[in-house]
There are 2 protein chains.
Amino acid sequence: MVKYRTLDGTFGALANPTRRQIILRLRDGEASVGELAAPHRMSLPAISRHISVLEDAGLVFRRKEGRQQYCRLATSPLNEIDAWLRRFRDVPEMATEETKKGTR
Amino acid sequence: MVKYRTLDGTFGALANPTRRQIILRLRDGEASVGELAAPHRMSLPAISRHISVLEDAGLVFRRKEGRQQYCRLATSPLNEIDAWLRRFRDVPEMATEETKKGTR
DNA sequence: CCGATACTTAACCACTTTGTTAAGTGTAGC
DNA sequence: GCTACACTTAACAAAGTGGTTAAGTATCGG
């Protein structure tokens with residue numbers, strides 16, 4: 001049930017602290033759903049769905065092994081949003097962030 | 001009414017194509033709300049709220065001038081998510097994206 | 001002052017998100 | 001086969017999102 005990978009999906013998947021923590025954990029290598037759930041004080045179904053969201057966004061691959069499901073990080077969507085961000089690399093940002101108190 | 005700037009807010013703000021288009025437009029410099037709305041087949045209140053979301057995320061500053069409100073891009077939240085993404089720079093990505101058909 | 005302009009705010013609706021608990025599915029071990 | 005384990009799916013509720021139209025608020029131009 002993998003949905004279409006889009007910037008919407010990727011940004012949306014990352015707009016949640018639990019999901020960001022999960023993929024940060026996955027930098028260190030594969031983990032089962034249970035292992036991913038352990039650090040969070042949240043029900044397993046909740047974590048299961050977070051993982052599904054990450055999977056739909058193409059950020060996580062699953063591999064079944066016995067009764068466990070091992071999750072692995074996929075970084076290509078991250079590269080896509082990184083590429084999108086590069087479009088702002090050369091924007092002439094207002095130097096000092098003067099909110100309006102300044103010279104006017 | 002500027003809310004707290006968080007990764008959640010920034011990623012959430014970017015998880016919408018209309019809002020991404022708006023800030024892409026703002027790379028080219030300030031624009032009024034009306035100018036930002038013009039390319040979109042959507043009501044002005046809808047655009048107005050999109051801009052508020054961007055503002056709450058710290059991605060847009062507003063400046064009133066007469067009856068117009070000029071919007072300007074702020075890139076620091078983009079830098080923050082860029083910094084967050086860098087945490088994945090050295091992840092040993094699975095080389096070829098073998099979904100399970102492979103060597104096992 | 002009066003009407004037009006450039007918005008914002010309010011009220012509403014449909015849909016999605018994010019959590020819960022309860023029930024279901026499949027594998028493991030005896 | 002039976003029970004425990006490692007999940008997923010279903011059903012639900014509360015809150016958030018994203019659009020609409022209608023009404024409100026300043027400002028400008030005459």
Side-chain angles (χ1 to χ4, degrees), chain A residues 1-23 25-26 30-72 100 104, chain B residues 1-23 25-26 30-72 100 104:
Chain A
M1 241 25 110
V2 179
K3 286 181 189 165
Y4 219 98
R5 282 130 169 100
T6 59
L7 279 179
D8 277 31
T10 308
F11 277 122
L14 295 176
N16 177 287
T18 303
R19 288 195 292 263
R20 284 198 305 278
Q21 275 199 237
I22 288 173
I23 70 167
R25 162 64 185 81
L26 287 176
E30 278 193 343
S32 69
V33 172
E35 285 165 353
L36 290 174
H40 304 277
R41 30 191 10 264
M42 194 181 296
S43 66
L44 203 55
I47 296 291
S48 177
R49 207 146 34 141
H50 279 306
I51 294 173
S52 293
V53 171
L54 290 168
E55 193 181 18
D56 289 345
L59 281 161
V60 159
F61 287 136
R62 260 160 157 143
R63 178 175 60 87
K64 289 195 182 187
E65 188 162 359
R67 41 188 172 175
Q68 268 134 337
Q69 304 216 357
Y70 285 97
C71 299
R72 183 186 289 239
K100 214 279 176 59
R104 162 56 187 147
Chain B
M1 250 7 123
V2 178
K3 286 180 192 168
Y4 219 97
R5 283 130 170 100
T6 58
L7 278 179
D8 277 31
T10 308
F11 277 122
L14 295 176
N16 177 285
T18 303
R19 289 194 292 263
R20 283 198 306 277
Q21 275 199 234
I22 288 173
I23 70 166
R25 161 67 185 80
L26 288 177
E30 277 193 344
S32 69
V33 173
E35 287 165 352
L36 290 175
H40 303 278
R41 27 192 12 264
M42 196 182 293
S43 67
L44 202 55
I47 295 291
S48 178
R49 211 152 28 147
H50 279 307
I51 294 174
S52 292
V53 171
L54 290 168
E55 194 181 17
D56 289 344
L59 281 162
V60 159
F61 287 136
R62 262 161 155 141
R63 176 175 61 85
K64 290 195 181 187
E65 187 162 358
R67 39 187 173 176
Q68 269 133 338
Q69 304 218 356
Y70 286 98
C71 300
R72 184 187 288 239
K100 212 276 172 63
R104 161 58 185 144

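A, B, ... follow the sequence lines: proteins, then strands. Residue 1 opens every chain. Nothing here was measured: the structure is a model prediction, and the numbers come from that model.
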S.K.: Could you give the CD-to-C1' distance, from E55(B) to dT9(C), as a whole number of Å?
M.R.: 15 Å
S.K.: Can you tell me how far apart CG (D56(B)) and OG1 (T6(B)) are? Round to the nearest 0.5 Å.
M.R.: 10.0 Å
S.K.: Students often get this wrong, so: under 4.0 angstrom with heavy atoms, is S32(A) touching a base, only sugar-phosphate, or nothing?
M.R.: sugar-phosphate
S.K.: Who pairs with S48(B) by side-chain contact (heavy atoms from CB on, under 4.5 Å), at least two apart in sequence or on another chain?
M.R.: R62(B)
S.K.: Roughly how far, to the nearest 0.5 Å, is CZ of F11(B) from CG of N16(A)?
M.R.: 11.5 Å
S.K.: Is the phosphate of dT8(C) approached by S48(B) (side-chain N or O, under 4.0 Å from OP1 or OP2)?
M.R.: yes
S.K.: Quick one: CD1 on I51(A) to CG on L44(A), what's the gap to the nearest 0.5 Å?
M.R.: 8.0 Å
S.K.: How close or far is atom P of dC7(C) from atom NZ of K64(B), stated in whole angstroms?
M.R.: 11 Å
S.K.: Under the rule for salt bridge (Lys or Arg N to Asp or Glu O under 4.0 Å), what residues qualify as partners of R19(B), not counting sequence neighbours?
M.R.: none
S.K.: Does the side chain of R62(A) get closer than 4.0 angstrom to OP1 or OP2 of dT8(D) through an N or O atom?
M.R.: yes
S.K.: Look at the side chain of Q68(B) and decide which nucleotide, out of dT9(D), dC7(C), dG18(D), has an atom nearest to it.
M.R.: dC7(C)
S.K.: Please enumerate all residues that pass side-chain contact (heavy atoms from CB on, under 4.5 Å) together with A38(A), with sequence neighbours excluded.
M.R.: none
S.K.: Tell me, please, which residues at least two apart from P17(B) pass side-chain contact (heavy atoms from CB on, under 4.5 Å).
M.R.: D8(A), R20(B)
S.K.: Output the rounded distance in Å from CD1 (I51(A)) to C1' (dT9(D)).
M.R.: 15 Å
S.K.: Separation of R49(B) atom CZ from dC13(C) atom C1', in whole Å?
M.R.: 11 Å
S.K.: Tell me, which of residues 38-47 of chain A have any heavy atom that sits under 4.0 Å from an atom in DNA chain D?
M.R.: L44(A), P45(A)
S.K.: Looking at residues 6-21 of chain A, who's got a heavy atom less than 4.0 Å off DNA chain C?
M.R.: N16(A), R19(A)
S.K.: What integer distance in Å separates Q69(B):CD from dT8(C):C1'?
M.R.: 8 Å
S.K.: Please list all pairs passing the salt bridge (Lys or Arg N to Asp or Glu O under 4.0 Å) test where one or both residues lie in residues 30-39 of chain B, with sequence neighbours left out.
M.R.: E30(B)-R63(B), E30(B)-R72(B)
S.K.: Any chance you could measure R49(A), atom CZ, to L54(A), atom CG, to the nearest 0.5 Å?
M.R.: 13.0 Å
S.K.: Kindly give the heavy-atom pair with the smallest separation between C71(A) and L26(A), and that separation in Å.
M.R.: O-CD2, 3.5 Å
S.K.: Of the non-hydrogen atoms in A13(A) and A57(A), which two are nearest, and what is the gap between them?
M.R.: CB-CB, 3.8 Å
S.K.: Sugar-phosphate atoms are those with a prime plus P, OP1 and OP2; base atoms are the rest. Using that split, label each nucleotide of nucleotides 24-30 of chain D B, S or - for protein heavy atoms under 4.0 Å, 5' to 3'.
M.R.: ---BB--
S.K.: Kindly say if H50(B) contacts the phosphate of dT17(D), meaning a side-chain N or O under 4.0 Å from OP1 or OP2.
M.R.: no
